[in-house]
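Both ligands and their constituent atoms are indexed starting at 1 by order of listing.
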Amino acid sequence: MNWTLMSALQWSADFLKTKGYESPRVDAEILLCSVLGFRRVELYTNFDRPLDEAERERYRNLIRRRVTGEPVAYILGEKGFFGRDFFVSSAVLIPRPETELLVERVLAAITAQLEVDPSRQIRVLDAGTGSGCIAISIAAFWLESLANRFTGASLAVDAWDVSEEALAVASKNAERHGVATLVRFARTDMLDPAVYREGAGGSGWNFIVSNPPYIGDEEFAGLSSGVKDFEPRLALWGHPDGLHFYRKLAQFARPATAELGKIFLEIGFQQGESVKALLQSHGWDAVSVELDYARHPRNVIAVNPR
Ligand code: GLN
C-alpha cells in the first residue's frame, strides 16, 4: 500500500476511534504534524504527499503510545498555555485551559494595584507550581506588558513545588520564556507551616496563587484513565475529601500575605462553598467564588484584611 498523509490520517483516526478516544482525528493530525514538523494547515495542503518508511515508523510509534491512553501533551512533551508552549513530562500536571482564567485574574489584580501605586514592589507566590505555567505566565506578562508601563515597579515571583522533578521541568520552562531571573523556584512543601514564615520576608506576599491537588477519593475513582494512569497522583490527589491543601493554605498563607494582599485559588467545581467557608474561618475577607466560561465555580479569591 502506498501511504499518503491522507490515508495514514484516516487509518489512525479510525483506529483511535474504535478504541473509544474522544478526539481521534485531531490527535492523529497533531501527532502527524510532530513527525513532519508541519503546522496543522500544512497537512491540509499536502494530503497526497507520500510518507516514507522512516516517517511511517515514527508516526506508528506515536499512535501506539496514544492508543495506550497516554495524553498527547506527554507524547509531544509540550502543551500550550496562555499563549506559550510549556515543556511537560509525566512529573507534572498538563496545564489546563481553565487555569488560564486564574492567571488572568491575578494579572488583573496586579495591574489594578500598579495603577494605584505605580512604584510598588510586587511579590507573588505560586504554591505548587508543577510545570510552572502559572508563575511563568505571570512573569512573562510582566516583562511584556507591565514593566515598560510601570518603570518604577518591580516583580518577584516565588514558585514552590514539593517535587524535584517538577521543579526541573518548571526551570526549563522559565529559561524557555526568558523569565528565569524573575521566578525563584524552591523545593518546598506547602503543607509545612514553617515555609510560609521563612519565605514571606518582612511584609509578605502581595498575591498568593495556587492550583493545588484537589481530587478527593471518590472523584479519583471516576477520573478518566488518561488522567488517572498518566498524570502524577501527587499533583491531583487532595487527600480523602479533596480539601486538604485549601485547609492548609487558608490557615498558613494569611499571616504570610501582605495587608490587603489577595489569595487566588483554583477549585473543583463542587468545592466553592467549602473553600469559601475555610477561608472565612481563617480570617480572610471579601471571599468570592468566581465562575469559569462553562459557568462552573472555578476560582475562589479572598483578601487579607488590614
Ligand atoms: N500549577 C500547576 C498548574 O496549574 C500545577 C497544578 C498541580 O499540579 N496541581 O498546572
- Message: Counting only heavy atoms not in Q121 (residues, nucleotides, ligands), do more than 12 fall under 6.0 Å from its CD?
- Response: yes
- Message: Over 60° means perpendicular and under 30° means parallel, so tell me whether F86 and H177 are parallel, tilted or perpendicular.
- Response: tilted
- Item | Identity and separation of the nearest protein heavy atom to atom 4 (O) of ligand 1 | N211 ND2, 2.9 Å
- In this structure, atom 2 (C) of ligand 1 is nearest to the protein heavy atom T129 O, 3.3 Å
- Message: Would you say that V179 contacts F141 through its side chain, given a criterion of any heavy-atom pair below 4.5 Å between the two side chains?
- Response: no
- Kindly confirm or rule out a cation-pi arrangement of R233 over F220, judged by NZ or CZ under 6.0 Å from the six-membered ring centre and within 45° of its axis? yes
- Using a strict cut-off of 4.0 Å, indicate which atoms of ligand 1 neighbour a heavy atom of P213. 9 (N)
- Mind checking whether G128 has a heavy atom under 4.0 Å from ligand 1? yes
- Closest protein heavy atom (residue, atom, distance) for atom 8 (O) of ligand 1: A235 CB, 3.1 Å
- Any N/O pair I134/ligand 1 closer than 3.5 Å: no
- Query: What part of T99, side chain from CB on, backbone N/CA/C/O, both or neither, has a heavy atom under 4.0 Å from ligand 1?
  - Reply: side chain
- Using 4.0 Å as the upper bound for N to carboxylate O, is an ion pair formed by E115 and R149? yes
- Message: Please classify the L236 to ligand 1 contact at 4.0 Å (heavy-atom distances, strictly less than): side chain, backbone, both or neither.
- Response: neither
- Could you tell me which atoms of ligand 1, counted from 1 in the order shown, lie closer than 4.0 angstrom to a heavy atom of P212? 9 (N)
- Message: Ignoring hydrogens and geometry beyond distance, is a side-chain donor-acceptor pair present between D189 and W160 at under 3.5 Å?
- Response: no
- Query: Side chains of Y293 and R298: closer than 4.5 Å at any heavy-atom pair?
  - Reply: no
- Message: What protein heavy atom lies closest to atom 10 (O) of ligand 1? Include the residue and the distance to one decimal.
- Response: C133 SG, 3.5 Å
